[in-house]
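A quick note: this is a predicted structure, and the numbers were derived from the prediction, not measured. Letters A, B, ... mirror the listed sequences (proteins, then strands); counts begin at 1. Just so you know, these numbers use all the heavy atoms, side chains as well, and skip hydrogens, waters and symmetry mates.
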Amino acid sequence: MTERVYMNQDDNKKSLTVKLKKGSGTDLLVFELGNKTHKLNLNSEDNQNDIKSMFCDLILLVETNLVEFVLDIDNSYDNNLMKDVAASYISDLNKEIKSLRDEILSENSNE
Amino acid sequence: MRTAHAILSTDPIIWIKLMLIDLHCHTRKARAGDGEGREVSDDLFVEKIKASGVEIVAVTNHNIFDSEQFLRLQDKIKGDCMLWPGVELDIGYGGAHDKYHLLVICNPKNIDGFESAIVELTSGYTPENFVVGVETVVSKFEQFDCIFSPHYIGKARSIPDEEYEKLFSLLSNKNRLIAEASNVRSMGIFISHGINAITGSDIKDWNNYPGICVELPELRLDVGGYEHFCRLLDRDPAVVKTLLDKNRSSPYDVYPCHDNFDIKETLHFYKEVNVIFGDKGTGKSEVISSLANKMKSEGIPYVEYISGSTKDYLDELLRTDDMERSARILGLNSCEDDFETIINWGDKSPTPIVEYVEYFKTRTNKDSVKRVGWSRTSDMVNHSDNLLAKILEDLDNINFGIEYLSKIEMKSYLDSEDGMILNNILSALKNAIEKKMKTTKVEKKAIDLTNFTLRAFREYTSAKTGSATRPQDAGFGKFAKNRLALKMAINNINSNLISKENNRYDFLGDIGEKGKIEIEICHRMLDDSPVTKSSYKEFSGNIEKLKKLKKKIRKIRTLILTMSLDNEIVDLKDKLVKYGVNSTDDFVGIYKQTVDKDHNPYIPSKGECSIIFIQRALGNQAATVFLLDEPEQSMANSYIDDIIRPRITQLGRQKKTIILATHNANLAVRTLPYLTVYRSHGASGYNTYIGNPFSNQLENINNPIDKLDWKEVSMRILEGGKEAFYDREGIYESGR
C-alpha cells in the first residue's frame with residue numbers, strides 16, 4: 001500500500017496515518033496534520049475546500065519533511081469500493097509528495 | 001595733469017595675452033651701471049628668445065646702436081621673432097642731473113638712417129655721459145617712422161609731466177607715443193586711464209630670460225610687422241580688418257523682432273568675442289534667441305545663458321520626473337518576474353475524490369478494461385520544467401557576461417594567449433549550457449508526449465468501455481507548486497521592498513567663500529515613514545497607493561497557505577493592474593535638492609544661481625558657440641571682471657564663438673570684442689551698426705556712410721555718457 005523506495009535519501013521523513021472510517025453515515029478519510037484534523041467526506045461532491053485546506057497544511061509539512069501517508073482502515077469498515085478509492089488516492093498523494101519534496105530539496109541545494 | 005594728457009592722448013590700445021612682445025630689451029653692457037648679465041652672446045640670445053616664445057623684440061641699448069650685432073641677431077632669430085632696432089636715450093631737462101629715459105624704436109626698413117642719426121647724435125660722447133634734449137630727439141628720429149616710449153610713473157628715470165606734454169606736442173603723429181610702465185599691472189592702470197602704455201623686460205641678466213616674461217604684455221591682434229603694429233596704433237580700419245579676418249568669421253541670420261521674422265539681418269560673427277549692446281528694447285535678446293534656434297536646428301554644439309532664466313535652469317536640474325526609478329541603484333532586485341507571477345496567478349484545483357469513486361465504481365463493470373493496462377497508469381512526473389528554467393537563466397547569464405566582458409579592452413590587461421583562453425572558456429561554457437538545454441528540452445518533450453499519449457489511450461479506453469477514466473493524480477503537486485511559486489514571488493518582493501537609500505552628489509557650482517554647491521540625488525525604497533509633502537513629490541504622487549500595496553503584499557505573505565488567500569490575491573492583482581505597478585522600481589522614490597559643502601540643504605540666492613549657471617555655461621567643454629544674454633545681471637562687478645571677463649577672453653583665444661548681449665562696460669569693452677553689434681532705435685527706426693574697438697568705428701550695416709564713434713557710443717550706452725564716466729573717475733581720483 002505504501003511505497004518505500006526513495007530515489008534520494010531524505011533525512012526528514014515523517015510517516016502519518018490516514019484513517020478510513022465511517023462517520024455520521026458517510027465514508028471519511030481522516031488526516032492528522034500537525035495539530036489539525038482534516039476529514040474528507042468521500043461521498044460528497046462538494047469537498048474541494050476541505051481538500052484545499054488539507055493541502056495547505058500538508059504543504060507546510062512537506063516544506064520541511066518527506067511525509068508519507070499510511071492508510072489505516074478500521075477492522076469494522078466494510079466498504080470495499082471506498083477501500084480501493086482511499087488506497088488509490090493515498091498512493092497518488094504519496095507520489096506527488098515525494099515528487100514535490102525532491103524538487104524542494106533540489107532547489108535548496110541550488111541556492 | 002596726467003589725466004588731461006590722457007584725454008588728449010590717443011585712445012588706448014589694450015594689450016592682452018596673445019602675441020608676446022618685448023619693446024625694451026638690452027643686448028649690450030653699454031655703461032658701467034649695466035650689469036654683466038646684459039651682455040649676451042648670439043647663441044644665448046637665440047636660445048632665450050626661442051624658449052620664451054616672445055615674437056617681437058626691440059633692441060634698446062643705452063645710448064648706442066650696435067648695427068652689426070643687431071643684424072646678426074636678426075638673421076639668427078628670423079622666423080621665430082621679429083627684431084626691431086631701437087635705443088634707450090638719456091634725455092636731459094632742467095638741471096644737470098635731471099634726466100629721464102626715452103626708448104626710440106625705429107621701423108626696421110629705416111635702420112641705416114637710424115644708425116647714422118645715432119652715430120651723429122652721440123658723436124663725442126660715451127654711453128656713460130651722453131645726454132640730449134627731447135626736441136633734438138624728435139627732430140632727429142621722427143623721420144624714420146619711430147615709436148617714442150618714455151619711462152613712465154613708477155619706473156626709474158621716469159618722464160616728468162611737463163616733458164611728457166612737450167613730447168606729446170612735438171610729435172606730429174600722437175599715436176607714436178607709448179608710455180612705458182614698470183610692470184603689466186601699472187600698464188593696465190594707465191590704459192584704464194586712457195593712456196597708451198606698454199611695458200618691457202628691461203633685461204638686466206639674460207640668465208633670467210624667459211622667466212621674467214610672464215610680465216610681458218601680449219598683443220590682442222596678431223601683427224605681421226612694424227608697419228602693421230603702427231597702423232594698429234593709428235587704428236587704420238583696413239589693417240584692423242585684415243588682422244581681424246585672420247580669425248575666421250561665419251555669417252548668421254538673426255531676427256531682432258520676436259514677432260516679425262521678415263526682419264532679418266546677416267551678421268558675421270568671429271570665432272572670438274562678439275558683443276551686442278544697445279538700449280533696452282532694441283532686440284538684443286531676440287538676436288541671441290534667434291541664434292540659439294539656429295544652432296539647435298543645425299546641430300551646432302552651443303550653450304545659451306539667459307540671466308533671467310537661472311531659476312528655471314535650477315528647476316530643470318532638480319527635475320526628477322524624467323529620471324529612471326530603479327531598484328538596482330539601491331542594490332535591490334526589481335522583481336519584474338515576481339510581479340508577473342502574481343498578476344497571472346490563479347489557484348489550481350485539487351482532483352475531486354469523487355473522480356476516484358467513479359473510476360472504481362465503473363472499473364469492475366468491464367473485464368476488457370482490466371486487460372488494458374495503461375487505463376490504470378498515472379502520468380509520468382516531469383521534473384524538466386524547473387531544470388529548463390534554470391538552464392535558460394544560466395544561458396541568459398552567460399550571454400550577458402560575454403557581452404559585458406566584450407566592453408573590456410582585453411589586450412590592455414591580458415596577453416593575447418590568456419585573452420584567447422578566457423574567450424575559449426566562456427565559449428565552452430556557453431556551448432555546454434546550450435547542449436544541456438537541448439537535451440533537457442528533448443527529455444521534457446518526450447515526457448509530455450508520453451503523458452499525452454497515455455491520456456489519449458485512457459480516454460479512448462474509457463469511451464470504449466463506458467468506464468470512467470482514472471484520475472491522474474490527487475492534484476496536490478500542481479496545487480502545492482502553484483502556491484509555493486506565489487509564496488516565492490511574494491517573499492522575493494517583500495525582501496526587496498526594504499528601507500534602503502542611495503545618495504549621490506553632483507557638483508553644481510562654486511559660490512566663492514561659501515564653497516561648492518552640489519545637487520544631492522537620493523534614491524530610496526518606500527519605507528514606513530509618514531507621508532509628507534516632499535515624499536508625495538518624491539513618489540510622483542503615488543505614495544499612498546504604494547503604501548497600501550506594500551501593506552497588502554506583506555499581509556498576503558502570511559496567507560499563502562490558508563483558505564483566506566483567494567480574496568486577498570484577487571484584490572492585490574486588481575490593484576497592481578489598476579496602478580500600473582509591475583516591479584519594485586515603482587516603489588523607488590527620487591528627490592533632488594541643492595546642498596552646501598557640508599551637505600546641508602541650501603537654496604542658492606538669485607545672485608548665486610547666476611554665478612553657478614554662468615560658470616556652468618562658460619565651463620562647457622563641448623560647446624563651440626556661447627550665447628550669453630546679459631550675464632552681468634545679479635552679479636557683482638568685481639565678479640564679472642575678475643572671473644567672467646577673463647574666462648570669456650580665454651574662450652575667445654580658444655577660437656570659440658562668444659556672442660554676448662550686455663550692458664556691462666567691462667564685458668563689452670575690456671574683452672576687446674572682434675565684433676561689436678550696436679542696436680539702436682531712433683527717429684529712423686531700428687538700426688544695426690557693426691564695428692570694433694580697434695578701428696573705433698561703428699558702421700550702419702544698411703548704410704555704409706552712416707558711421708559712429710565706437711568709443712563715444714560705448715561710453716554713452718555702457719557708462720551713461722562721457723560726462724558721467726569722467727565724473728566718476730574724478731570722484732574716484734579724489735578719494736585717493
Self-check item: Heavy-atom pair count under 4.5 Å with chain B, highest-scoring of Leu58(A), Leu93(A), Asn47(A), Leu42(A)
Solution: Leu58(A)
Self-check item: Asp50(A) bridged to Lys39(A) by N-O distance under 4.0 Å
Solution: no
Quiz item: For Leu40(A), is it the side chain, the backbone, both or neither that has a heavy atom under 4.5 Å from a heavy atom of chain B?
Solution: side chain
Self-check item: Region of Leu484(B) in contact with chain A, defined by heavy-atom distances below 4.5 Å
Solution: side chain
Quiz item: Between Leu100(A), Leu29(A), Asn41(A), Asp27(A), which has the largest tally of heavy atom pairs under 4.5 Å with chain B?
Solution: Leu100(A)
Quiz item: Tell me, side chain or backbone of Leu60(A) under 4.5 Å from chain B's heavy atoms, or both, or neither?
Solution: both
Practice problem: Verify whether one side chain among Asn65(A) and Lys13(A) offers a donor that lies under 3.5 Å from an acceptor in the other. | Solution: no
Quiz prompt | Lys19(A), NZ atom: more than 12 neighbouring heavy atoms under 6.0 Å | solution = no
Quiz item: Is it the case that His38(A) and Asp57(A) place a side-chain donor and acceptor less than 3.5 Å from each other?
Solution: yes
Practice problem: Measure Met54(A) against the heavy atoms of chain B and call it side chain, backbone, both or neither at under 4.5 Å. | Solution: neither
Quiz prompt | Pairing of Glu68(A) and Lys14(A) as salt bridge, 4.0 angstrom limit | solution = no
Self-check item: Side chain, backbone, both or neither of Asn49(A) within contact of chain B (heavy atoms, under 4.5 Å)
Solution: both
Quiz item: Is Asp473(B) reaching over with its side chain to a backbone N or O of Asp92(A), donor-acceptor style, under 3.5 angstrom?
Solution: no
Self-check item: Max heavy-atom pair count under 4.5 Å with chain B, selected residue of Met82(A), Glu63(A), Lys52(A)
Solution: Lys52(A)
